[in-house]
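Data first, discussion second: the structure below is written as structure tokens.
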Amino acid sequence: MAYNLLKGKRGIIFGALNDSSIAWKVAERCHEEGAQLVLTNTPVACRMGTIDELAEKTGSIVIAADATSVEDLEMLFTEAQKALGGQIDFVLHSCAMSANMRKKRTYDDLDYSLFDKTLDISAISFHKMIQVAKKMDAIAEYGSILALTYVASHRTFFGYNDMADAKSLLESIARSFGYIYGREKNVRINTISQSPTFTTAGGGIKGFDGLYDFSDRMSPLGNASADECADYCVVMFSDLTRKVTMQTLFHDGGFSNMGMSLRGMTQYNKSFIDENRDENGKIIYG
């Protein structure tokens, strides 16, 4: 059901690749709520993905841009304002990638050149995006900027690797820039900490199936889906949340506040085949 929450608003969605992307779902919901959109991703991703299909479905314009390039971002905001006919009301940053994870490098054996790329793509690009927009005065007063994050920014999760550091930096950027942009232009900046979600990026996390199941069992409301995340983003882009800024907003069914659930404990107890053996199967006598 649509409520016209974004009627007359202009937005830029970073990161839609295919219909399993959260950014894809967000673009669909924003369109349903009346927004005009520019979709953007790297030139390679635009060629490899199906973003043109999304553009046709939502009546959007595709402008290829590398979010790590200041020059590309300047071009993007210039062309987006021309195409949409004015300043931008909302932006979604949904950009994340770890080559260390793809190459199965463990956290204690990172390739630092790849680590630099992880931080640049997954976090510093957020700073570049906001800085370029602010210098160009591209965001309308009371605009809303969002980025997608994960609870691994606060807690250690097996297999999440250097992406955890990137998400921590991402959230810090939202707070630091949220103060400056809010004070000067009433623009709000937040991050949404989403449940594990089956996306192209999520599939690259070691043991993701187990992580997804564990989170679902631990959360009293279960995991939040990509469609539900899109609903939350729409509310954050709307005028209903004008005084919410500098926040990490947990959209995870309650997982972030849980210690142990009944469903989680039940599954844990099932794994006790022999409590007199250690994790390597060796018999423990005392």
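Numbering of residues begins at 1 and proceeds along the displayed sequence.
Asp120 has a carboxylate O that lies under 4.0 Å from a charged side-chain N of Lys128, or vice versa, which qualifies the two as a salt bridge. The residues Arg29 and Glu33 are annotated as salt-bridged, a charged nitrogen and a carboxylate oxygen being separated by less than 4.0 angstrom. Ion pairing of Arg242 with Asp239 is present here, as a side-chain N (NZ or NE/NH1/NH2) and a carboxylate O approach within less than 4.0 Å.
Using the six-membered ring where Trp is involved, Phe237 and Phe90 have ring planes that are parallel, under 30° apart on the 30 and 60° scheme.
Met75 is connected to Phe77 through a chain of hydrophobic side-chain contacts under 4.5 Å among Ile, Leu, Val, Met, Phe, Trp and Tyr, so both are in one cluster. Linking Ile, Leu, Val, Met, Phe, Trp and Tyr whenever their side-chain heavy atoms come within less than 4.5 Å leaves Met236 and Met129 in two separate clusters. Note on Trp24 and Tyr232: same hydrophobic cluster, where clusters join Ile, Leu, Val, Met, Phe, Trp and Tyr whose side-chain heavy atoms are under 4.5 Å apart, directly or indirectly. In the hydrophobic clustering of this structure, Leu146 does not group with Met246; members are Ile, Leu, Val, Met, Phe, Trp, Tyr whose side-chain heavy atoms approach within less than 4.5 Å, directly or through other members. In this structure, Val235 is not a member of the same hydrophobic cluster as Leu148, with clusters built from ILVMFWY side-chain heavy atoms closer than 4.5 Å.
Remark: aromatic rings of Tyr107 and Tyr160 are distant, center separation not under 6.0 Å.
The salt bridge (Lys or Arg N to Asp or Glu O under 4.0 Å) check on Asp116 picks up nothing, with sequence neighbours excluded. Listed by chain and number, the residues in a salt bridge (Lys or Arg N to Asp or Glu O under 4.0 Å) with Asp137 are Lys185 (sequence neighbours excluded).
With values rounded to the nearest 0.5 angstrom, Thr149 atom OG1 is found 6.5 Å from His154 atom NE2. Here CG of Asn223 is found 11.5 Å from CE of Met218. Values are rounded to the nearest 0.5 Å.
With Tyr150 as reference, Phe157 is the one residue of Phe157, Phe255, Phe250 to meet the ring pair (Phe, Tyr, Trp, His ring centres under 6.0 Å) rule.
A 6.0 Å sphere centred on CD of Glu56 holds no more than 12 heavy atoms belonging to other residues, nucleotides or ligands.
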ask   = Can you check side chain to side chain contact (heavy atoms under 4.5 Å, CB included) on Leu6 and Ser238, steps first, answer last?
value = CA-CA 6 Å; Leu6 303 180; Ser238 78; 4.1 Å; yes
ask   = Do Glu74 and Lys135 pass the salt bridge (charged side-chain N to carboxylate O under 4.0 Å, His left out) test, and can you show the C-alpha distance, the side-chain angles, and the key distance before you say yes or no?
value = CA-CA 10 Å; Glu74 289 171 342; Lys135 286 185 175 181; over 6 Å; no
ask   = Could you go step by step and tell me if Gln36 and Lys9 meet the side chain to side chain contact (heavy atoms under 4.5 Å, CB included) rule?
value = CA-CA 6 Å; Gln36 294 177 275; Lys9 292 190 180 293; over 6 Å; no
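Val44 belongs to a hydrophobic cluster whose other members, connected by ILVMFWY side-chain contacts under 4.5 Å either directly or through intermediates, are Met48.
Both cation-pi conditions hold for Arg183 and Tyr179: the charged atom is under 6.0 angstrom from the six-membered ring centre and inside a 45 degree cone around its axis.
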